[in-house]
Amino acid sequence: MNPLCLLGLNDSHLVALNEPGHRLQAEARDAFMAMQASAAEAGFQLMPASSFRSFDRQLAIWNGKFEGSRPLLDANSQTLDAQALSEPERINAILHWSALPGTSRHHWGTDVDVYDPSLLPEGTKLKLEPWEYEDGGYFYPLSLWLTANMERFGFFLPFAQQSSGVAIHSGVAIEPWHLSYRPLSADCASQLTLPLIADTLKMQQIAGKTHILKQLDNIFVRFISHSNED
């Protein structure tokens, strides 16, 4: 893949889904639509909550959490005071829930966050938190169906297990809503390199840049560990 597409800096690799505002690579789109049709036969309304996300969008999320204009959560989904944390602590807190710009799997057009709006209680806002997809949560029936069926369509969960981290607020959260189309995403993951990410971030206005570049080796190890998940 073109390096700019890999980093989310170019979107020429994408096509539109039926749902407005959502895009994937053509092969991933076709596989997702086939899975949607199968889910519908089973009584589920499988919908994207997030698909392609540009570098700039990921950068806005990152900077907002770092600066305190967006909610920053701990591993238990409790709000943190970003300004009360050191910059390295903030970085690790953000990384629990959000990817570093340039390393998000959503840049590739292979990954999609899913939910079933028909299972969401009226007046309830979608949170994309693990408990919603676990036993007793709104989307647990959908999770069971996905576990049994997604592999037939080429999808897997790259964040199916909690990873171990390197510092305070360490680890990457479980994301039972995040599906990745393996036939394309595995190749994308293999192309993303530490020097490519470093060179890109050096040119960007990213909050915490000095400490990010110091920690980049460890951050990249986290990325690699999840890119190799079965």
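We use all heavy atoms of the structure for the numbers below, so side chains are in, but hydrogens, waters and symmetry mates are not.
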Enquirer: Only counting residues at least two apart or in another chain, list the ones meeting salt bridge (Lys or Arg N to Asp or Glu O under 4.0 Å) with Arg23.
Expert: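 By the salt bridge (Lys or Arg N to Asp or Glu O under 4.0 Å) rule, Arg23 matches Asp11.
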Enquirer: For residues 13-20, which side-chain N or O atoms pair as donor and acceptor with protein atoms under 3.5 Å away, sequence neighbours left out?
Expert:
residue: His13; atom: NE2; partner: His107; partner atom: O; Å: 3.2
residue: His13; atom: NE2; partner: Trp108; partner atom: O; Å: 3.4
residue: Glu19; atom: OE2; partner: Gln36; partner atom: NE2; Å: 3.2

Enquirer: Quick check: closest heavy atoms across Leu213 and Ala198, and the distance to 0.1 Å?
Expert: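 That would be CD2-O, 4.4 Å.
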Enquirer: Say whether, by atom type as modelled, one donor and one acceptor occur between the side chain of Thr103 and the main chain of Leu100 under 3.5 angstrom.
Expert: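 Indeed, once roles are kept as given, a pair shorter than 3.5 Å links the two residues.
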Enquirer: Hey, does the side chain of Asp74 reach the backbone of Asn76 with a donor-acceptor pair shorter than 3.5 angstrom?
Expert: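 Yes, because the side chain of Asp74 sits within donor-acceptor range (under 3.5 Å) of the backbone of Asn76.
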Enquirer: Heavy-atom distance under 4.5 Å between the side chains of Phe66 and Glu87, does that happen here?
Expert: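 Yes, their side chains come closer than 4.5 Å.
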Enquirer: Using a 3.5 Å distance criterion without hydrogens, assess whether the side chain of Trp62 forms a donor-acceptor pair with backbone atoms of Ala207.
Expert: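 Answer holds: yes.
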Enquirer: If you look at every heavy atom in Leu85 and Ala93, which pair is closest and at what distance?
Expert: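 What the structure gives for the nearest pair is CD1-CB, 4.4 Å.
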Enquirer: State the NZ-CD1 distance between Lys209 and Ile91, to the nearest 0.5 angstrom.
Expert: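 These two atoms lie 12.5 Å from each other.
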Enquirer: Test side-chain contact (heavy atoms from CB on, under 4.5 Å) on Cys5 and Gln25; report intermediate values, then the result.
Expert: CA-CA 11 Å; Cys5 295; Gln25 290 192 51; over 6 Å; no
Enquirer: Run the side-chain donor-acceptor check on residues 136-146: report pairs under 3.5 Å with partners two or more places apart or on a different chain.
Expert:
residue: Ser143; atom: OG; partner: Tyr133; partner atom: O; Å: 3.2

Enquirer: If hydrophobic clusters are built from ILVMFWY residues whose side chains come within less than 4.5 Å, do Met33 and Phe153 share one?
Expert: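 No, Met33 does not connect to Phe153 through the hydrophobic network.
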Enquirer: Is there a side-chain contact between Phe44 and Ser118, using heavy atoms and a 4.5 Å cut-off?
Expert: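 SC-SC contact between Phe44 and Ser118 ruled out.
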Enquirer: List the atom pairs, with distances to 0.1 Å, where a side-chain N or O of residues 119-130 and a protein N or O form a donor-acceptor pair under 3.5 Å, not counting sequence neighbours.
Expert:
residue: Thr124; atom: OG1; partner: Pro121; partner atom: O; Å: 3.2
residue: Glu129; atom: OE1; partner: Trp131; partner atom: NE1; Å: 2.8

Enquirer: How would you list, by chain and number, every residue that makes a side chain to side chain contact (heavy atoms under 4.5 Å, CB included) with Ser86, sequence neighbours excluded?
Expert: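 Per chain and number, Ser86 pairs via side chain to side chain contact (heavy atoms under 4.5 Å, CB included) with Pro88, Glu89.
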Enquirer: Pair Leu6, Leu196 - check side-chain contact (heavy atoms from CB on, under 4.5 Å), show working.
Expert: CA-CA 10 Å; Leu6 197 65; Leu196 181 60; 4.1 Å; yes
Enquirer: Are the side chains of Glu175 and Leu157 in contact, using a 4.5 Å heavy-atom criterion?
Expert: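 Contact flag for Leu157/Glu175 side chains = no.
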Enquirer: Which atom names give the shortest non-hydrogen contact between Ala160 and Ile174, and what distance separates them?
Expert: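 Smallest heavy-atom distance, with atoms named: O-CG2, 3.9 Å.
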Enquirer: Taking CD in Glu151 as the centre, count heavy atoms belonging to other residues, nucleotides or ligands within less than 6.0 Å. Is the count above 12?
Expert: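 For Glu151, atom CD is not crowded (no more than 12 foreign heavy atoms under 6.0 Å).
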Enquirer: With a 3.5 Å distance limit and no angle check, can you tell me whether Gln78 reaches the backbone of Leu73 through a side-chain donor-acceptor pair?
Expert: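 Not a single qualifying donor-acceptor pair exists.
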Enquirer: With sequence neighbours excluded, tell me which residues meet side chain to side chain donor-acceptor pair (under 3.5 Å) with Gln58.
Expert: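 Per chain and number, Gln58 pairs via side chain to side chain donor-acceptor pair (under 3.5 Å) with Arg53.
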Enquirer: Can you find a pair of side-chain heavy atoms, one from Gln191 and one from Pro3, that are under 4.5 Å apart?
Expert: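 No - every pair of side-chain heavy atoms lies 4.5 Å or more apart.
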Enquirer: Can you tell me how far the NE2 atom of His22 sits from the CG atom of Leu24, to the nearest 0.5 Å?
Expert: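 With rounding to 0.5 Å, NE2 (His22) is 9.5 Å from CG (Leu24).
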Enquirer: Tell me, please, which residues at least two apart from Arg57 pass side chain to side chain donor-acceptor pair (under 3.5 Å).
Expert: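 Partners of Arg57 by the side chain to side chain donor-acceptor pair (under 3.5 Å) criterion come out as none, since no residue qualifies.
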Enquirer: Kindly give the cluster partners of Met203, where membership spreads through any ILVMFWY side chain lying under 4.5 Å from a current member.
Expert: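 Noted: Met203 shares its cluster with no other residue.
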Enquirer: Do Leu184 and Glu27 have side-chain heavy atoms sitting under 4.5 Å apart?
Expert: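 The answer is yes, as the side chains (C-beta and beyond) meet within the 4.5 Å cut-off.
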Enquirer: Using a distance-only test with no angle check, is there a side-chain donor-acceptor pair under 3.5 angstrom linking Asp56 and Ser54?
Expert: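 No, Ser54 and Asp56 have no side-chain donor paired with an acceptor closer than 3.5 Å.
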Enquirer: Between Ser180 and Arg105, does any side-chain donor sit less than 3.5 Å from a side-chain acceptor?
Expert: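 Distance-only check passes for Ser180 and Arg105.
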Enquirer: With ILVMFWY side chains joined below 4.5 Å, transitively, what does Ile61's cluster contain besides itself?
Expert: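 Under the 4.5 Å side-chain rule, Ile61 groups with nothing.
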Enquirer: According to a hydrophobic-cluster definition based on side-chain heavy atoms being under 4.5 Å apart (Ile, Leu, Val, Met, Phe, Trp, Tyr only), do Phe52 and Met35 belong together?
Expert: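 No, no single cluster joins them.
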Enquirer: Would you name the heavy atoms of Gly102 and Leu192 that are closest together and state the gap between them?
Expert: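 Scanning both residues, the minimum pair turns out to be O-CD2, 3.6 Å.
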Enquirer: Roughly how far, to the nearest 0.5 Å, is the CG atom of Leu7 from the CE atom of Met1?
Expert: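 Between Met1 CE and Leu7 CG, I get 10.5 Å after rounding to 0.5 Å.
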Enquirer: In sequence, state the C-alpha distance, the side-chain angles, and the governing distance for Asn63 and Arg70, and then conclude on side-chain contact (heavy atoms from CB on, under 4.5 Å).
Expert: CA-CA 9 Å; Asn63 286 349; Arg70 288 177 178 268; over 6 Å; no
Enquirer: Checking Thr193 now: which residues fulfil side chain to side chain donor-acceptor pair (under 3.5 Å) with it, not counting sequence neighbours?
Expert: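 Not a single residue meets the side chain to side chain donor-acceptor pair (under 3.5 Å) criterion with Thr193.
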Enquirer: Under 4.5 Å between any side-chain heavy atoms of Phe55 and Gln204, yes or no?
Expert: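 They are in contact (side-chain heavy atoms under 4.5 Å apart), so the answer is yes.
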Enquirer: Would Ser77 and Trp97 count as a side-chain contact (heavy atoms from CB on, under 4.5 Å) if you check the C-alpha gap in whole Å, the side-chain angles of each, and the deciding distance to 0.1 Å?
Expert: CA-CA 9 Å; Ser77 301; Trp97 295 104; 3.7 Å; yes
Enquirer: Short question: side chain of Ser104, backbone of Pro101 - any donor-acceptor pair under 3.5 Å?
Expert: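 The answer is no, because no donor-acceptor pair under 3.5 Å joins these two groups.
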Enquirer: Please list all pairs passing the ring-ring contact (aromatic ring centres under 6.0 Å, His included) test where one or both residues lie in residues 178-199, with sequence neighbours left out.
Expert: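 Sorted pair list: His106-His178, Phe155-Tyr181, Phe159-His178.
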Enquirer: What are the two closest heavy atoms between Lys65 and Ser98, and how far apart are they?
Expert: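 That closest heavy-atom pairing would be NZ-OG, 2.6 Å.
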Enquirer: Quick check on Gln83: does its CD atom have over 12 non-hydrogen neighbours (other residues, nucleotides or ligands) under 6.0 Å away?
Expert: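 Result for CD/Gln83: enclosed.
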Enquirer: Just so I know, are the side chains of Phe220 and Ile197 near enough to count as touching, which here means a heavy-atom distance under 4.5 Å?
Expert: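 Yes. Closest side-chain heavy atoms under 4.5 Å.
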Enquirer: According to salt bridge (Lys or Arg N to Asp or Glu O under 4.0 Å), does anything in residues 190-205 pair up with another residue at least two apart or in another chain? List the pairs.
Expert: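 Checked against salt bridge (Lys or Arg N to Asp or Glu O under 4.0 Å) - neighbours excluded - no pair reaches residues 190-205.
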Enquirer: Check whether any side-chain heavy atom of Asp116 sits under 4.5 Å from a side-chain heavy atom of Leu46, and report yes or no.
Expert: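 No, their side chains stay 4.5 Å or more apart.
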